[in-house]
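Order of the sequence lines sets the chain letters (A, B, ...), proteins ahead of strands, with each chain counted from 1. Side chains are part of it too, since the values below use all heavy atoms of this structure and drop only hydrogens, waters and symmetry mates.
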Number of protein chains: 2
Amino acid sequence: MQTQDPLTATFAALADPTRRAMLARLTQGPATVNELAEPFALTLPTVSRHLKVLEQAGLISKQRSAQSRPCTLEIAPLVEADAWMAQYREFFTTRFDRLDTQLKAMMAARADAAKPSRGDQ
Amino acid sequence: MQTQDPLTATFAALADPTRRAMLARLTQGPATVNELAEPFALTLPTVSRHLKVLEQAGLISKQRSAQSRPCTLEIAPLVEADAWMAQYREFFTTRFDRLDTQLKAMMAARADAAKPSRGDQ
DNA sequence: ACATTATTTGCGCTATCGCGTAATTACATG
DNA sequence: CATGTAATTACGCGATAGCGCAAATAATGT
């Protein structure tokens, strides 16, 4: 896993349903590797590797508590991804506005078509 | 590319700097495959395949205008990804609040440490 | 019909991903 | 120190990703 830019690492980490489910679980609070593995039909090594991907993306951190290593959700990469999305939020609100305008124009045209027997008042 | 759930397809599509750059370009308005290829040191077939990934994720659509196929940014998958993120937005605002509280507590403790030569007033 | 421009498809290559099994490290406890 | 529990690393496998090159398709202009 060649070092890549943070956004790429974040999106790559999120591009897997198992990993997203793990993050969802971690919103409930920290959990050990075993606990995180429990809902899945996957072996522990596989789960461990998924967690490593999340960790390297900065999406989780691992503490050490006795034999277990509880994982905690880390928000920084999500904030960054969110900031990236924001760039498009503006775009798509204007897009929606335009759609809205178009829609209104269409409805107006339809209304006109419905009662065409009128002058411009 | 086995059919997968939309979020996975979206995040996978976003997990590539080239594809993200293409989306950024498309916020400026539609562009042809050639135009989208121009900034990159990539062959056209490669660019075409990147665009196919974006299209299959629903992030762009292709029109046909004469010989060229202008691509347009489509927002639906971004809205969906945004909705997924929102689930965490709430989490990380509470997280920040907690951090904030902790920080204030720490600073208060420091202030106390700075002037310990005082009774409880 | 023929040449031109725009884009995609087929093929082969190397690299990475996701998975399991087996072996290994790191702690804790009898 | 031996045993058990938690987690990781090593190794190999089949599938997929990303790339270029060459060939094919699509639409247009001559």
(request) Indicate, with a heavy-atom threshold strictly under 4.0 Å, whether B:Ala41 touches base, sugar-phosphate, or nothing. (result) sugar-phosphate
(message) Tell me whether the side-chain N/O atoms of B:Thr43 come closer than 4.0 Å to OP1 or OP2 in D:dG20.
(response) yes
Report all interatomic pairs (protein N or O, nucleotide N or O of nucleotides 9-14 of chain D) with separations under 3.5 Å.
unit_1: D:dT9; atom_1: OP2; unit_2: A:Lys52; atom_2: NZ; d: 2.9
unit_1: D:dA10; atom_1: N6; unit_2: A:Arg49; atom_2: NH1; d: 3.4

(message) So B:Leu26 and B:Leu59, do their side chains get closer than 4.5 Å, heavy atoms only?
(response) no
(message) Side chains of B:Leu14 and A:Thr8, heavy atoms from C-beta outward: is any pair under 4.5 Å?
(response) no
(message) Applying side-chain hydrogen bond (donor to acceptor under 3.5 Å, both in side chains) as the test, list every pair that has at least one member in residues 58-67 of chain A; sequence neighbours left out.
(response) A:Glu55-A:Lys62, A:Ser61-A:Gln63, A:Ser61-A:Glu74, A:Gln63-A:Thr72
(request) Mind telling me whether B:Phe11 and A:Phe11 have parallel, tilted or perpendicular rings, with 30° and 60° as the class edges? (result) parallel
(request) Check whether any side-chain nitrogen or oxygen of A:Thr46 sits under 4.0 Å from OP1 or OP2 of C:dG18, and answer yes or no. (result) no
(request) Assign A:Thr18 to base, sugar-phosphate, or nothing according to its heavy-atom contacts below 4.0 angstrom with the strands shown. (result) nothing
(request) Write down the distance between CD (A:Gln67) and P (D:dA6), rounded to a whole number of angstrom. (result) 7 Å
(request) Ignoring backbone atoms, test whether A:His50 places a side-chain nitrogen or oxygen under 4.0 Å from the OP1 or OP2 oxygen of C:dC19. (result) yes
(request) Would you mind reporting whether B:His50 and B:Phe40 have side-chain heavy atoms less than 4.5 Å apart? (result) no
(message) What's the closest nucleotide to the side chain of B:Val33 if the choices are D:dA6, C:dT7, D:dG18?
(response) C:dT7
(message) Output the rounded distance in Å from NZ (B:Lys62) to P (C:dA6).
(response) 16 Å
(message) Whether B:Asn34 contacts C:dT7 is assessed here as follows: a side-chain N or O lying under 4.0 Å from the phosphate OP1 or OP2. Is that the case?
(response) yes
(message) I'd like to check A:Cys71 versus A:Leu51 (side-chain heavy atoms, cut-off strictly below 4.5 Å). Are they in contact?
(response) yes
(message) Would you say B:Arg19 places a side-chain N or O within less than 4.0 Å of OP1 or OP2 belonging to D:dG18?
(response) yes
